Amino acid sequence: MSIKNTLNTRFKTAMKALNIPSECTPLLNSSSKPQFGDYQANGAMGAAKHLKTNPRELAQKILDQVDLAEIAEKTDIAGPGFINITLKNDYIADCLKNGLDKPSVNTENIVIDYSGPNLAKEMHVGHLRSTIIGDALARVLEYLGKNVIRQNHMGDWGTQFGMLIAELELQLSKGDQAELALSDLEVFYQQSKKHFDADPEFADTARAYVVKLQSGDANCLKLWKQFIDVSIAHNSEIYKQLNVGLTTDHIKPESTYNSDLEWIVKDLENKHLAAESDGAKVVFLDELADKNGDPSPMIVQKSGGGFLYATTDLAALKYRAEKLNADRVLYFIDARQSLHMKQVFTTSRKANYVADTLSLEHHAFGTMMGSDGKPFKTRTGGTVKLADLLVEAIERAETLVRQKNTDLSEEEITEIAQKVGIGAVKYADLSKTRTNDYIFDWDSMLSFEGNTAPYLQYAYTRIYSIFRKAGIALEDFSADIIIDAPQEKQLALKLLQFNDVIHQVAEDCYPHSLCNYLYELSSLFMSFYEHCPILKTGVNPETAKSRLQLCAQSASALQKGLDLLGIEVMEKM
RNA sequence: GGGGGAUUAGCUCAGCUGGAUAGAGCAUCCGCCUUCUAAGCGGAGGGUCACAGGUUCAAAUCCUGUAUCCCCUACCA
């Protein structure tokens, strides 16, 4: 149990004994400043107000009542009724000895919908957020013993594929090889678009192919499959590069729901949820009505008969509830789709596709903006390819690694450049609040100084280096911890907050709080490293061992924390 | 028109259910490598938390209004 939880329980007990109503909580937290001790309880003031009594006196009564015998070195009351607690060093050391809580295993099924790129084009930087935030949550929830089911809802179906198939057929008819024609998906898409816009005959062919494809025409399906395979291979390469845990097994693209769509619309009609309006089939939702009482419309079938992504999403959600037995479904999708998600969730419940107990969660994220604060575009008006960003990141990291003039082998340089470059890109994104719009800045995303992944990785390598120099294996080192120096204490206290943070992330799905935690942890470690020598002369052996143990636990927390973010550590850099 | 989000240091951002003197990084300035990796450490300057009211022991945080910006708002996904 974490220190915070322990203290909270103790204070609750004391407050209950004093007949303070249970809605008055202790309001425990780590102290905002060192002079206020290690932890503070701010609940006395609120409780005093509730009981119409003097807050300082009540704080004193709580302090007299609470049992902190083996925990607190000293306590005091400050200001209007803050209770400040300074912990015993031995108690901190004791807590640390017990290590991290073992996560409890349970059988909750959590479906996570993330990444979901459009296969018609290459992945661009805008796909980064969904992919890596979703992946981080998948890792965190798995770490906590949940049964995580990843679903990559790839966009492999719809109008634009008619155009792409027509283009592929055109190029193949000229004797080109499919692999060659599709070697650059972006170029291929642009050629296709050009033909579509300039050549009415081509455009007609393209439109006809959409219909043929959706009705199962063998030739169209064959061409489509060739295109899709190339596109998926491209995405798989990006995932591998990004160290993201998505494999082809997790792909459940839009096309797999194609055969369910007609049924969905019929079913919605039978349940009197969908009605015809201007030739289209529409679900009108009073739950999402505006001020005037006009219901929110969601089109599930176009007037021409085609289905839309709302229809597909309904089918997907039904599948996740019924076939995957989900207890929670998490969507990591752009905030611009908030209304769409609300509509899908509301309709699914009304149509009884999902049980009331199923938790449907849209964890939205903000839009990527340019440095001018407007939606992001490159100078040429396009988007930055994700592949290009990653290559650049790795190249910059490699240049830096070589500058540091260490005696690393070529293999080591390659490995380090990869981990540092990719880590920096991921961390730059993960460390920002999920829901806010964010400014895409090439340089800050590729920065290796300050609050960045390399800083955390560097802290890890410094620890590893100590153990290497001492000739001790980091993994199986164990010693008693003696807390003495303030840097030791601060580091130890931070280490003990690891589980609190993980649980918080699992609940609110904000990985940036884990980033903040790991940065603070690293920062405290760096300070400890500078102030508390270990292998240097004059350090007594017990102190050295204790400090090595603090190092080992810091390394473990860093490694695990970064792993949950999908960022790798290394022994040298 | 309706709805959602945002506004904190020169720039990019934290700030948990209201808590004590609002914090980081980058940039700027000053120190620190012949002993565990300087991708680092120590320190300095830099703020009317958009604005105006309100709620209270206490407001960046909650409420109301105003301004500015972004997004969504029926047949793309």
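Below, chain A is the first sequence line, B the second, and so on; all start at residue 1. Just so it is clear, the values below take in all heavy atoms, side chains as well, and ignore hydrogens, waters and symmetry mates. Bear in mind that the values here come from a model prediction, so they are computed numbers and not experimental data.
For the salt bridge (charged side-chain N to carboxylate O under 4.0 Å, His left out) test, residues two or more places apart in sequence or in another chain that qualify with A:Asp197 are A:Lys193.
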Report summary line: For RNA chain B, the expected dot-bracket line (Watson-Crick or G-U under 3.5 Å, [ ] crossing, | inter-strand) is (((((((..((((.....[...)))).(((((.......))))).....(((((..]....))))))))))))....
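Contact of the A:Ile264 side chain with the A:Tyr257 side chain is not registered, since no non-hydrogen atoms from C-beta on lie closer than 4.5 Å. Counting heavy atoms from C-beta on, the side chains of A:Leu446 and A:Val425 come closer than 4.5 Å.
A:Glu361 and A:His363 share a donor-acceptor pair across their side chains, judged by distance under 3.5 Å alone. No side-chain donor-acceptor contact under 3.5 Å links A:Ser2 and A:Asn499.
Stacking between A:Phe36 and the base of B:A20 is present: ring centres sit under 5.5 Å apart and the planes differ by under 30 degrees.
Heavy-atom distances under 4.0 Å link RNA chain B to A:His512, A:Asn516, A:Tyr519 of residues 505-520 of chain A, given in residue order. Of the residues in residues 332-339 of chain A, A:Arg336, A:Gln337, A:Leu339 come within less than 4.0 Å of RNA chain B through at least one heavy atom, sorted by number.
Base orientation for B:C33: syn, the chi torsion being within 90° of 0.
With hydrogens and angles ignored, a donor-acceptor pair under 3.5 angstrom links the side chain of A:Asn84 to the base of B:A20. Between the base of B:A39 and the side chain of A:Tyr458 there is no donor-acceptor pair shorter than 3.5 Å. One N or O donor and one acceptor, one from the side chain of A:Ser277 and one from the base of B:A74, sit under 3.5 Å apart.
Across B:A74 and B:U64, the matching C1' atoms stand 34 Å from one another, rounded to whole Å. Separation of the C1' atoms belonging to B:G19 and B:U61 is 11 Å when rounded to the nearest angstrom. To the nearest whole angstrom, the two P atoms, one in B:A22 and one in B:A59, are 13 Å apart. For the C1' atom pair drawn from B:G2 and B:C49, the interatomic distance equals 30 Å after rounding to whole Å.
Rounding to the nearest 0.5 angstrom, the gap separating the CG atom in A:Leu521 from the CG atom in A:Asn516 is 12.5 Å.
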**Report entry** Verdict with supporting geometry, A:Asn451 and A:Tyr427, side chain to side chain donor-acceptor pair (under 3.5 Å)
**Finding:** CA-CA 9 Å; A:Asn451 185 4; A:Tyr427 188 88; 2.7 Å; yes
So which protein N/O to nucleotides 57-63 of chain B N/O distances come out below 3.5 Å?
none

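A:Met298 comes within contact range of no nucleotide atom at all, as no heavy-atom separation falls under 4.0 Å. A:Tyr529 comes within contact range of at least one nucleobase, with a heavy-atom separation under 4.0 Å. Residue A:Ser527 is classed as a sugar-phosphate contact, given heavy-atom separations below 4.0 Å to backbone atoms only.
Taking the six-membered ring for Trp and the full ring otherwise, the centers of A:Tyr331 and A:Phe345 sit less than 6.0 Å from each other.
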Check residues 453-461 of chain A and write down every donor-acceptor pair under 3.5 Å in which the side-chain atom is one partner and the other belongs to a residue at least two apart or another chain.
| unit_1 | atom_1 | unit_2 | atom_2 | d |
| --- | --- | --- | --- | --- |
| A:Gln457 | NE2 | A:Lys419 | O | 3.2 |
| A:Gln457 | NE2 | A:Glu568 | O | 2.8 |
| A:Thr461 | OG1 | A:Tyr458 | O | 2.8 |

